[in-house]
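Contents: one structure, followed by commentary.
Keep in mind the model is a prediction, meaning the values are calculated, not measured. Sequence lines set the chain letters: A, B, ... in the order given, protein chains first and strands last, and positions in each chain run from 1.
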Amino acid sequence: MDVFTLSLWLLRIGFVVLIYVFLFMVARALWQDLRAGVSGAGRPLGRLVVIAAKEGRPAPGTSLPLDAINSIGRDVNNSIVVDDSFVSADHAMLTFRGRAWYIEDRGSTNGTYLNGQKVEGLLPLGYGDELQIGQVRLRLERSRPE
Amino acid sequence: MTAAARALYAVGIRPHFRWRELGLLVVVSAALVAGWASLSSFRAGELALGEAGLLVSYLALAFAIHVAFVITGRRMDQILFPTATMLAGISLLLMQRLPQDLVEQSIAGRDLTLAPLQLVWIASGFVILAALAIFVRSDGWLRRYKYTWAAAGIGLLLLVFLFGEVTGGARLTLRIGPLAGQPSELLKVILVVFLAGYLAENRALLSASSTRIGRLQLPPLPYMLPMLAMWGIALAIVIVQRDLGAALLYFLVFLALLYVATRRASYVVLGLVMFVAGGAVLYGLFPHVQDRINIWIDPFSDPQGAGYQIIRAMYAYGRGGILGTGLGAGLPQVGNVPSIPAIHTDFVFAALAEEMGMLGGLALLGLYALIAQRGFRIAATAADDFRALLATGLTLVVVIQAAIICGGNLRVVPLTGITLPLISYGGSSILVNGAVIGLLLALSDRGVEPPPPGTRPNVVRRLGRRARGLGGRVEEALS
């Protein structure tokens, strides 16, 4: 085998091998990415972001991490305490049930609103939907990756 | 902080370095240079790089876009762009290798042939990719006008139905003055944008409520209408346009998105039942559907006619074997006739698998798998349902299309004529797939670097604010 044939063969194989090197480098990067993701597995299911609050409590922009079951109200025993004078002591319940989030009013005085619609019974909601509790407007969002 | 960096900060530019992307781009360049050298050396009979102008300008463009990403400081996915660069680079290499007279077209007074033309398309596609990735900061314009998008899409479809020209047995090409394009490529993106908007809005209703008939739980009937409409559109495309590939792509993407949005297998089962029923009826009514199935089951039943393309492709895989014949050493044409019709568009996978072998073909599939992984990852970390569904849909459009056409070329599924994303020759295809990758990059952005305290706000953001102020004043003046 002369030098030219050999180097042509090497170039040809080198081309394909380099594509596999690329794939391997990316696979390694993805693996690191996934490991970082696993270590963040304990992160909350989602969060409520305060869009507006007439009385300034909680401050707009605040992000409240969510568990699977969240009770919302003015009473300090709730998992999410909303200190607003139009919010009842036990106001609403936000739950994550397997495939979707659900909101339920717990007989509050001023009601709970989902995207401007009064909540009666159990209503499903998705990320990006807006809740109004008392004078506080909140948006359901996915929790951040980091 | 160096003086140069301080100067950049002073004018409001905050670069964000992308070392992983840079490293991957270097590997991509090395691979493409090796491929180019292998092709030119085989042709010249000695070690040579040939006319490397095309490759050099392509790589220069890729690195320029990388630098633009760094300077604008967006924190986007760093793997998608090198992957797209690898795919389009392989495309350029294949087009350089195929007979140049397959396509001839003059652009701006210059007569160009296959490879330079493809470089023009790739360059334009990459410019669109970079522009979308850098400048798209809000998805409001996509989210808010979803019915407008849907109407535009249907309008486009009607235009093709009425005025389309026939390409390769399918009514695909729309010609407006000197411009010609294949709207079905653009339509797939419009479809995804509309579906993402519609499903994000009705997701909760679609997944929670149901209609009961006896013990059977069916999805809510009013919300089934879009599904029926989609099914009808797919059938209409097959009947009027005779474009099986696009119809299959639209319907599969639709079903997949519906499942992602609702997690209800019943929709998928129902959709597949409708698909099979529609397919059976079409098979009975239309000879071109029968042809496709027959040559899939037995291409040798009509070796000189309908089965010719597939049989030649199978010979090509046989010649290629595991390692391939090497670039340039394959048999793309016999005399003056290409050995596989449409080898630069629909059958580009066969051209690749002949000269780069099974290993090359698998590597190509691996590259599409990367796009799938990155796209779904972007969807999984998206901030809300619309962005998640949009990212999923854009990814599916690329990946399912690649699966349909590779499967067709390999005789795994019936052959339908669509392009291999970012590889096949073709302006519309390359431009639209560039736009898809660009949008995915924009969706993956995690916001610009938080400003260091005490510096002035970002130039781009300041310009944006001024533009919005102007827009608001115009709106006021009009109302």
Side-chain contact test, heavy atoms from C-beta onward, threshold under 4.5 Å: evaluate it for B:L32 versus A:L18 and give yes or no.
-> no
If you tally heavy-atom pairs under 4.5 Å between each of B:A388, B:G366, B:A363 and chain A, the highest tally belongs to B:A363
Close side-chain approach of A:R142 and B:D385, heavy atoms under 4.5 Å | yes
The interface call for B:Q373 against chain A, heavy-atom contacts under 4.5 Å, is side chain
Is A:R12 close to B:L323 at the side-chain level, that is, under 4.5 Å between some pair of heavy atoms?
-> yes
Name the region of A:F22, side chain, backbone, both or neither, that has any atom closer than 4.5 Å to a heavy atom of chain B.
-> both
Closest-packed option against chain A by number of heavy-atom pairs under 4.5 Å, given B:A369, B:A200, B:G326 = B:G326
Rounded to the nearest 0.5 Å, how far does CG of A:L23 lie from CE of B:M86?
-> 7.0 Å
Using a 4.5 Å cut-off on heavy atoms from C-beta on, say whether the side chain of A:F15 contacts that of B:V33.
-> no
Is it the backbone or the side chain of B:L362 that comes under 4.5 Å from a heavy atom of chain A, or both, or neither?
-> both
For the residue pair A:R139 and B:D384, establish whether any side-chain heavy-atom pair is separated by less than 4.5 Å.
-> no
More than 12 heavy atoms of other residues, nucleotides or ligands under 6.0 Å from CZ of A:F86: is that the case?
-> no
Return the option, out of B:G324, B:A329, B:G23, with the maximum number of heavy-atom pairs under 4.5 Å with chain A.
-> B:G324
Let me know if A:I13 has heavy atoms under 4.5 Å from chain B in its side chain, its backbone, both or neither.
-> side chain
Are A:I19 and B:I90 side-chain neighbours, meaning at least one heavy-atom pair lies under 4.5 Å?
-> yes
Do A:W9 and B:S38 touch side chain to side chain, with heavy atoms closer than 4.5 Å?
-> no
CZ (B:F376) with more than 12 external heavy atoms under 6.0 Å = yes
Considering residues, nucleotides and ligands other than B:F63, do more than 12 of their heavy atoms fall under 6.0 Å from its CZ?
-> yes
Assert top hit (heavy-atom pairs under 4.5 Å, partner chain A, pool B:E201, B:R374, B:R387) equals B:R374
B:L47 side chain reached by A:V3 side chain, heavy atoms, under 4.5 Å | no
With only heavy atoms counted, which part of B:S40 is less than 4.5 Å from chain A, the side chain, the backbone, both or neither?
-> neither
Is the number of heavy atoms from other residues, nucleotides or ligands under 6.0 Å of A:L122 CG greater than 12?
-> yes
Under 3.5 Å, is there a donor-acceptor pair between the side chain of A:Y127 and the main chain of B:A382?
-> no
With rounding to the nearest 0.5 Å, note down the distance linking CG in A:L11 to CH2 in B:W36.
-> 14.0 Å
